[in-house]
Structure formats: C-alpha cells, structure tokens
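When a ligand or atom number is given, it counts from 1 through the structure's own listing order. Along the sequence shown, residues carry numbers from 1.
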Amino acid sequence: MVFDLDMIKRVYAMYPERVNAARKVVGRPLTLSEKILYTHLWNGNASVPFERGKSYVDFAPDRVAMQDATAQMALLQFMQAGKKRVAVPSTVHADHLIQARVGASKDLQDSLNQNNEVFNFLSSISNKYGIGFWKPGAGIIHQVVLENYAFPGGMMIGTDSHTVNAGGLGMVAIGVGGADAVDVMAGMAWELKFPKLIGVKLTGKLNGWTSAKDVILKVADILTVKGGTGAIVEYFGEGAVSLSCTGKGTICNMGAEIGATTSTFGYDESMRRYLAATGREEVVKAADSIAEHLTGDKEVYENPSQYFDQLIEINLSELEPHINGPFTPDRGTPVSKMKAEASANEWPTKVEWGLIGSCTNSSYEDLARAASIVKQAVAAGITPKAEFGINPGSEQVRYTADRDGILSDFEKMGTKIFTNACGPCIGQWDREGAEKHEKNTIVHSFNRNFSKRADGNPNTHAFVTSPEMVAALAIAGDLTFNPITDTLTNEKGQAVKLSAPAGDELPTKGFAVEDNGYQAPAEDGSNVEVKVAADSSRLQLLDNFPIWDGQNITDAKLLIKVKGKCTTDHISMAGPWLKYRGHLDNISNNMLIGAVNFFNDKTNDVKNQLTGAYGEVPATQRAYKAAGVPSIVVGDHNYGEGSSREHAAMEPRHLGVKAVIVKSFARIHETNLKKQGMLALTFALESDYDKIHEDDTFNFVDLASFSPEKPLTLEICHSNGTKDKIQLNHTYNASQIEWFKAGSALNLIKLMEN
Ligand code: MIC
Ligand code: SF4
C-alpha cells in the first residue's frame, strides 16, 4: 500500500510552475534545497527571493511525524488548539518507550505493561484526530518514515531531531518541537529562517571497510557539533549517486549531530530502487515525471562554490573508517590513528559492548553487512570478546532479516536481538552493572554518545562507528583493533584476518512482513474519547502559561550558570525520565540536573540565593517560584544541542525561569524556548558570560520596547554593590515577540480560535 499517494501527486503537479517561479525571482540556477523550499511556500509561487540565514519564511510542509516520547506533549498541545482533525497527513510512532533488557518478546511485553496508559492515550488521540499510529514494536520512527512515507522533493517536519533521516529519499525533513508540529497539524503556516546552504561534493566510491557512516563521521569531524547550525547540507557528485538510499539516510540522519537544519540528496537510481523495493513503484512513476526538478540544477553542481555558502569535498575512495567519540559525536578518529589516540587520552580500550541499531543504522543493508563480519568470525572459530545487541529499525527489516538468516548469524554469536525500537540509543537499556559507574568502553552504530546517554553511567566511553566496524571491534573486544591491518586469534590459536564486509543493499527476495504494526485512524473520530486520568503520574492536561504582564523582569536570581556542554540530555534527561514525558510537572523534576554548575563544577547542586544553602536545581527553582522570585539560566555555546524535546524549554517555563542567556543556541531549542514564551537571549559580547557571578541579581531595563533586531539591556547587580550593564542579542521577529507577550505560541493560537 502506498500512503498518501494523492498528496504526493498534488505536490508534484505544482512543482514545475513553482520551480520556474523561484528560478525567475532568484535569477539563477537553483540547488535542490532551494527547489524544495521554494515549492513549499505557504503563499504559493515565489514572488521575492529570500535571504539565506536572515529571512523568516512561512512554509507549508506536506506531512508531520511524531514519536511517542515527544508526541505526548505535542498532542496535549494540539488538543487545546480546538481542531477536529489534523490538516496534513500525520503519524505517531511508538518506539522510544521500549526498554532493551533481555530480548525483543519479553522486553516488548514489559513495555506494553508499563506504558499501557501512554500507548492507549497515543492510540486513541491518533484515532480521534486522523493520525496514523504505528504500534510498539513496529519500528523506529525514521526507518518507518523512510520505508513508507518519505518521497523525493517533499517537505516534512517531525518532533524528533533525526527527522532529517528522510533526506535519504530526497526530502527536506526537519526536526522541530511539538509546538511547531501543532502549527502544521492545525493548518497554519510553519515558520523557519531561510537556511544557509552547505554543499558536500562526494567523489570516488566507498570501498573495503568504509561505509556511508564514515562520510558523516568525517563531516562531523570537519564541521563540529555546531558547524551546520542554520544550514541545509546538500550532497551531490558521483560519490553521492553511488551510495545506497539507506546509506544516504544514515548520512542525513547524523546531520542532526552537526546542528544542520537538515541534509538532502538529489533523486537518483538508489532512490528508485529503494522506493520500488518498499512497494512504491507508483511514487517512482510520479517522481520520474518531474525528475529534473528533484535534483539541483546542472550548473550548480558544475560550479558549486558559486551557489553554496560553504563547500566541502570528500573523496570516498580515500575515506577511512572512523570511530567518533567519546562523549561527543564530532570527535573523529580514523581507525588507523585509534591506537595512538586512545593511549594519549587514556580511553579504556577493552570494548565491553557492541550495539547495532538506532534510526541511523538499522537498515537491511546495515544488518547484512555487519552479519557478514559475524559470519566470518563464527566460521573461523573466533569467540567474541564483547557482548552484542541489535535493534532492527522496523518490523519489516526484522522480519526480512530473519527470513534471510541474518539474525541467526548474529544469534550464533550470542547476540541479543532487542525490540524494533530506540532502546539503548535513548537510555532505554537496563545494562547490568551500569550503576557501579565503572570506567568502560562501548561501541555503537548510533548517532549520539553524550555522557550517560546509553546506560546512565558517566564513565561509559561510547564510540560511534559503522555497524560493520561495531561488529569487528566487539568481536576483537578492542577499541584499537584495525580490521584492515590487524588479525584476530581463533580458538586454535591461529591468526585470522577478516575480509571486508559485504551485504545486499536490498533483500534479493524482496521485503516481507506479516504485521507491520500500523493502525489507521477512524474516518470520523469525533466520538472517540481521549482519557487523561486526573491522578495520573504519566499524563497531565496542560494549563496556559501566564501572559507577560508588560513589566520589566526585575530582581531575578541566577538559578545556574552552566559550564561547558549543555545538551538537551543535560537539561531534560531521557532514560528513566522518559516515563514523565506526558506530565509536565513531574518531568520538571529533572530540569537541568545534568548541567555542570560553573561555580562548583558539580551537577545538580546550586546555591539558593534566598537561603544560601546548596540544593538540587529543580528544588531550588521550585523554591524561587514559591517565593515569587524570577530567575534566569546562563549557558555556554550551542546550548540545547541534540534533541527536539520541548520539555527542555517547557520545564524552565513551568517552574518560573524567565530567561535563558547563553553564548549561542542550537536551532530547535532556541525555537522551542520562544514558542513556550521564554526569553532566549545571547550575550552580545561573549566575554560577558564571565561577568555573571553566583550571587548576582538581574534587572531587565528595556523589555517594554522589545522589538526585532534591537538588543535588550540587562543590569547585573553584584553582591559587592557594583553593577554591570550588558547587551543581549536575540533573533525574535515581530510575530515571535507576540508569542512572548501572549505567554506562548499556543496561547496565541487559542486567542485566534476564540
Ligand atoms: C534523541 O535521539 O535524543 C531523541 C530521544 O530521539 C530526541 C527526541 C526526544 O527527546 O524525545 C531527538 O533526537 O529529538
Ligand atoms: Fe530513537 Fe536514537 Fe534515533 Fe533518537 S537517535 S530517534 S533515540 S534511535
């Protein structure tokens, strides 16, 4: 079955005219990213050219995807928007809430028991509002989207930062907070600052041990976790064409790790093959009819430096397998340098676990290539040194890999096959012994490796690499093993050299599945009841955030000055806290508990300015709130990097924090703060961060004249009686300032509805 084919055809029918209109106003050949953006303008045909990195533009995305951990908040907000049905095709995927412990069938049943209330809520609210629901076990959102919904040239948003995965099928797919999803589902325009464009020209061809993953590990190493901020990364060149479609997905997926708005590839043979293999020949037919518009113009790819803001060139033939980490996905080490790096940095080299899966690398091809390594090891009589776990990306992938003997290859090595879900990637991993906090190393094919992420242990050194390299390193049990040059020793004491991985891009016998786990919504959901128990600890209906009283914020206290990296995992931890994603008050008890306090280098230990005593961040903030004292949070660079979870913005808002002032923001988090009615501000002078002391009191002096492109002024009163005045920049446009004034973007929608 092809979902929403009519919608896809409608989009394609508009394409030629809209692309031509765009080419006319822009006055030059277009990149693929521009074509997709300009064909999805809310106002129809382009009439003015937009300034990259400057213009705020209203878009009309074709679809919305949500996963269980973010859909709860998104749909709790949508309920309040007063609509009968979603305005564009939308789906919910139950994938994040399933723990990996002993293996798929037991783990899935346990998760159903534990999360019954939330799954029922998501299933019934989806049913009511016309949203497709993918049941627990159906697969990871981005794999399911790639297999069923993504289409070349389309635009979608999703409440998860790795929505960008769909760029593998030539979409512009963007991760957002739930409040943004509400706009689109409510039939309103969706606003985005027109992105800058980074071109990545791929030459040559992958060979030997390198895989698509290494392309993005290399790009992450070059651009760092903030190098892609505000930009779309467009891949092109002969090397791009030679990659498989799911390999392209891997590359786009991890574009989230460099802060990129999204990444994309032009429509090509690999996409045709993938669409056909996943039962969408009809989409191929439709796309072929406008194929010239579904890739960048020839002139652009011939002279890329003229058209992109930044250009990177990577020769796939020379690329080496990479192992990125620990603690950050942009610290890249080519496999040949790992010995030296590990010893210089005293990383534990014994690999204890190898994990394959996550939305980044859980395709059929990924499993097949990794299995080819495992198979060799089994045949040569090598016992793996580390434990092994796998999360297939979808039930379709799992079923097919099982039929083709791939899973049994893994099982021969004692691999645990976990549920088709996020599992360890989101900290849903009941790893034995993690509570001992021992220093150790794991390798995985995921995208993120922030401290504590997979198992909650701050001393776990997690390294990101390709599935085939995960297999090799886990079998060797050694982080410094280089399969290209080194040998392993088998049971007989013989040296064995592994040959390079090989695996089918797509199953030769075709994909198969018995029950894909999809639940279609009711035609008319008006009678469907959505229940939220008043005493639930998991779900809570939302109250409006208070509107701005028109006054300056004065006598504000410093809740925390965060030192160094502060991802959304630090602000609103996942793992054990995922269970409160639908209950704002309960989840607020994790607010900023992972952030390091600049003044004592501790986490979750800040000074309460009212009592002088040190205590946990959420409790301290609750004390300010109870006393009616406003507070601010101060942070470093790329604050809020990582997830799209808007809880990281709603929690401070709920607990009474008024402003978050940092050196720089990650895109999604900045928007989330704005949408929830918070002040998201940056130091005009970065060094003013140093002026913030622990006992300071803060006064805004010109909030009444809050307007676009005009910095705000903050008075800092130090405890020794001296004062500083500093400038704070912001990126609010006029309508975003209205969100602040109304208390939140949702308050504004409600006002408009009434
Ligand atoms: C992640 O990979 O961090 C997550 C969990 O998928 C998040 C979404 C969430 O926090 O629910 C993301 O990437 O947006
Ligand atoms: Fe799930 Fe991990 Fe992908 Fe996030 S990155 S969607 S947690 S698999």
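Ring orientation note: the planes of F665 and Y639 are nearly perpendicular, at an angle over 60° on the 30°/60° scale. In this structure, F410 and F388 have perpendicular ring planes: the angle between them is above 60°, well past the 30° mark.
Between F78 and Y129, the distance separating the two ring centers is shorter than 6.0 angstrom. For F3 and Y518, the ring centers sit closer than 6.0 Å to each other.
The shortest contact between atom 4 (Fe) of ligand 2 and any protein heavy atom is with H96 NE2, 3.7 Å.
Judged by distance alone, the side chain of N253 and the main-chain N or O of G249 form no donor-acceptor pair under 3.5 Å. A donor-acceptor contact shorter than 3.5 Å is absent between the side chain of Q143 and the backbone of G139. Put simply, the side chain of R653 never gets that close to the backbone of L673: no donor and acceptor are under 3.5 Å apart.
Using a heavy-atom distance under 4.0 Å as the criterion, the protein contacts of ligand 1 are Q67, A69, T70, H96, D160, S161, H162, I426, R448, R453, R581, S643, S644, R645.
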Using atom types as modelled, flag every donor-acceptor pair under 3.5 Å from a side chain in residues 416-424 to any protein atom, sequence neighbours excluded.
from: N420; atom 1: ND2; to: G137; atom 2: O; distance (Å): 2.9
from: N420; atom 1: ND2; to: E395; atom 2: OE1; distance (Å): 2.9

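The closest approach between any non-hydrogen atom of H93 and ligand 2 is not below 4.0 Å.
A side-chain N or O of Q109 and one of N113 form a donor-acceptor pair less than 3.5 Å apart.
Here 1 is the count of protein N, O or S atoms positioned under 2.8 Å from atom 3 (Fe) of ligand 2, waters not counted.
The minimum heavy-atom distance between G247 and A212, with the atom names listed, is O-CB, 3.4 Å.
Residues meeting the side chain to side chain donor-acceptor pair (under 3.5 Å) test with Y149, sequence neighbours left out: W134.
Contacts between R453 and ligand 2 below 4.0 angstrom, taking non-hydrogen atoms only, involve the side chain exclusively.
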